[in-house]
Each structure stands twice: as C-alpha cells, then as structure tokens.
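Working notes, structure below.
Residue numbers start from 1 in every chain, and the chains themselves are labelled A, B, ... in the order their sequence lines are given, proteins ahead of strands.
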Number of protein chains: 2
Amino acid sequence: MTGGPSYKERKVITIGVVSELTGLTERQIRYYEERKLIFPERSPKGNRKYSFADVEQLIEIANKREEGVQTYEIRQEMVKAKRAEERKQRKELLRGEINARFGIQKE
Amino acid sequence: MTGGPSYKERKVITIGVVSELTGLTERQIRYYEERKLIFPERSPKGNRKYSFADVEQLIEIANKREEGVQTYEIRQEMVKAKRAEERKQRKELLRGEINARFGIQKE
DNA sequence: CGTGTAAGGAATTCTGACACG
DNA sequence: CGTGTAAGGAATTCTGACACG
C-alpha cells in the first residue's frame with residue numbers, strides 16, 4: 001500500500017511498443033480507443049501511454065475480433081463485467097459494515 | 001514458468017518516459033549506460049528500451065550520485081554484488097546435485 | 001568526471017480525412 | 001464497421017562533438 005499502481009497498471013508504454021507487443025497496427029489500437037475499449041493516458045505532450053494490463057486487454061480484443069466479434073459487442077461485455085464487479089464490491093463493503101456494527105459477538 | 005520475463009523485467013519503456021519517472025535527463029541516462037551501469041535493449045530501429053527494474057536501478061544510481069559516489073565506484077559495487085549473487089547460485093546448485101545423488105535416503 | 005548544449009537526421013506520434021465495403 | 005493510407009506538422013530519439021572543469 002505505498003507506491004501507487006503496480007508494474008502491471010503503470011501507463012508507461014508508447015503505442016509503437018504496444019503495436020510490437022500485440023501485433024496490432026497503431027491504427028487498430030487507436031480505433032479501439034475511439035470505440036472505448038481501451039483507455040490510455042497521455043504524456044504531457046499528448047502521446048498515448050499504455051500499461052501491461054492494457055496490452056493484455058488488447059490481446060483479448062484481438063482474439064475476439066478474429067472470432068468475428070464486433071467492437072460494439074466487446075464493449076457491451078466489458079460494461080457488463082464492470083457492473084458485476086461493482087456489485088461484488090458493494091456486497092463486500094456492506095458485509096463489512098454489518099460485521100463492524102453487529103457482527104461476530106452476535107453469534 | 002511460461003511467459004518469459006515478468007512485468008518488472010520486460011524492456012518496454014522509452015528513454016523519455018524513463019526520464020520523467022526518474023527525474024534524470026536523457027543525457028544522464030545515456031551516460032550511465034556508457035559507464036555500464038545500466039543495460040537497455042534496443043528496438044528494431046535502435047531506440048533504447050528500459051524495464052521497471054532499470055528505472056529502479058537508475059533511481060538508486062541517482063541517490064548515490066547525490067551522495068557524491070562516482071560512477072566508477074557504483075560500477076564496482078554492482079560487479080561485487082553480482083559476484084556474490086553468482087556464488088550463492090552455484091552453492092545452491094551444488095547442494096541440489098548432492099541431494100539428488102546422496103540425499104534424503106542416506107539419513 | 002559528469003553533464004549541458006547545439007546540430008542534423010531519422011523515426012515516432014498525432015489528427016483529420018478519404019477510401020472500401 | 002473496421003482498417004489502410006497519404007498528408008503535414010510536432011515531438012522524440014540518436015550519434016558525435018565541443019564546452020567546462
């Protein structure tokens with residue numbers, strides 16, 4: 001809990017390197033951003049920077065595209081997964097609060 | 001044991017980003033390479049690429065430089081540390097071989 | 001020794017657009 | 001829809017060198 005995001009999440013990789021790592025063209029990578037499938041940060045002067053997690057996400061996207069899945073569908077899956085994740089988070093938070101007030105000694 | 005070097009060791013970061021991350025100038029970073037304190041890889045077209053481990057190494061170098069330690073001395077420390085590491089490795093390897101031939105059932 | 005800087009060139013990245021389908 | 005490409009400009013990176021000390 002000290003140094004911020006881990007190596008996997010730090011956004012430090014330029015688009016050219018991401019292209020090498022994923023086999024995708026820069027055009028494709030920028031397009032997937034336009035379709036909200038990937039969210040690079042920007043350097044001070046506006047260059048895109050990606051994390052290893054982004055690279056892995058892009059590889060998954062590439063696989064789905066090869067299977068003929070459209071970017072819109074991939075986007076829907078992502079939104080759905082994200083909502084499920086949030087539900088889980090809220091549930092755990094709630095369980096924690098309940099335990100803090102009533103828990104443990106009760107049973 | 002599958003996908004090669006981990007996030008920490010993959011050489012994917014360009015010198016400009018390393019400069020931001022470490023606070024060192026590109027000139028300094030290239031000079032420390034000349035003095036064999038750091039070993040970036042090269043992209044197909046010759047651009048330097050660094051790992052997170054390299055970034056951390058550079059931060060340590062920067063700290064030592066601030067204390068007035070010369071690059072030559074830093075280099076010596078690195079060589080020494082590397083040798084100690086190799087000795088440890090050989091020792092473990094040897095122990096493993098001995099165990100494989102004579103170990104365990106003997107006692 | 002360690003670092004700054006100006007120099008010139010090559011490679012990178014960016015955006016907006018046209019093309020095909 | 002998803003991707004290629006040519007266009008023009010701005011920023012990046014590279015090397016070898018001179019400077020100071």
Side-chain angles (χ1 to χ4, degrees), chain A residues 10-52 54-80, chain B residues 10-52 54-80:
Chain A
R10 293 294 293 279
K11 308 245 179 184
V12 296
I13 313 176
T14 55
I15 195 166
V17 177
V18 172
S19 175
E20 289 173 27
L21 257 31
T22 59
L24 295 166
T25 66
E26 298 184 10
R27 180 69 170 98
Q28 288 175 308
I29 297 167
R30 292 195 192 102
Y31 181 67
Y32 299 152
E33 177 183 359
E34 191 184 320
R35 300 311 308 272
K36 297 193 196 308
L37 300 183
I38 198 85
F39 305 93
E41 288 180 2
R42 296 286 180 137
S43 75
K45 289 125 178 181
N47 286 16
R48 273 167 264 248
K49 297 203 294 199
Y50 301 83
S51 66
F52 283 112
D54 291 332
V55 169
E56 293 180 6
Q57 175 76 27
L58 280 166
I59 290 171
E60 282 184 42
I61 292 168
N63 289 337
K64 286 185 188 159
R65 283 291 305 127
E66 277 178 34
E67 294 167 21
V69 185
Q70 296 193 335
T71 59
Y72 177 78
E73 303 173 273
I74 299 174
R75 167 86 175 137
Q76 292 311 305
E77 290 170 30
M78 283 177 55
V79 170
K80 209 184 261 183
Chain B
R10 292 295 292 279
K11 308 246 182 184
V12 296
I13 312 178
T14 56
I15 195 166
V17 177
V18 173
S19 175
E20 288 173 28
L21 257 31
T22 61
L24 296 166
T25 65
E26 298 183 10
R27 180 70 170 98
Q28 289 174 308
I29 297 167
R30 291 193 193 102
Y31 180 67
Y32 299 152
E33 177 182 359
E34 191 183 319
R35 301 312 309 273
K36 300 195 194 305
L37 300 182
I38 198 84
F39 305 92
E41 289 180 1
R42 297 284 180 138
S43 74
K45 288 123 178 185
N47 286 15
R48 274 167 263 249
K49 297 202 296 198
Y50 302 84
S51 66
F52 283 112
D54 291 331
V55 169
E56 292 179 7
Q57 175 76 27
L58 280 167
I59 290 170
E60 282 183 42
I61 292 167
N63 289 337
K64 288 186 185 156
R65 284 290 306 127
E66 277 177 33
E67 295 167 19
V69 186
Q70 295 193 337
T71 58
Y72 178 77
E73 303 173 272
I74 300 174
R75 167 87 176 137
Q76 292 310 307
E77 291 171 28
M78 282 178 54
V79 171
K80 210 185 261 185

Review point. To the nearest Å, how far apart are Glu20(A) CD and dA11(C) P?
Key: 14 Å

Review point. Within less than 4.0 Å of OP1 or OP2 of dT12(C), is there a side-chain N or O belonging to Thr14(A)?
Key: no

Point to revise | Rounded distance in Å - CG (Asn47(A)) to P (dT15(C)) | key: 9 Å

Practice item. Calculate the interatomic distance between Gln28(A) atom CD and dC14(C) atom P; express it in whole Å. Key: 15 Å

Review point. Should the heavy atoms of other residues, nucleotides or ligands under 6.0 Å from OH of Tyr72(B) be counted, would the total exceed 12?
Key: no

Point to revise | Watson-Crick or G-U wobble partner of dA19(D), both distances under 3.5 Å | key: dT3(C)

Revision key, fill the gap. On a heavy-atom basis, the closest approach of Glu20(B) and Pro44(A) is OE2-CD, 3.9 Å

**Study point:** Whole angstrom value for the distance that separates C1' of dT5(D) from CZ of Arg30(A)
**Key:** 12 Å

Practice item. Assess whether one donor atom and one acceptor atom, taken from the side chain of Arg27(A) and the base of dT5(D), lie less than 3.5 Å apart. Key: yes

Point to revise | Separation of dG4(D) C1' from Tyr32(A) OH (nearest whole Å) | key: 13 Å

Exercise for review: Would you name the heavy atoms of Phe52(B) and Arg10(A) that are closest together and state the gap between them?
Suggested key: CZ-CB, 3.7 Å

Review point. Does the pair Glu26(B)/Arg30(B) count as a salt bridge with the N-to-O cut at 4.0 Å?
Key: yes

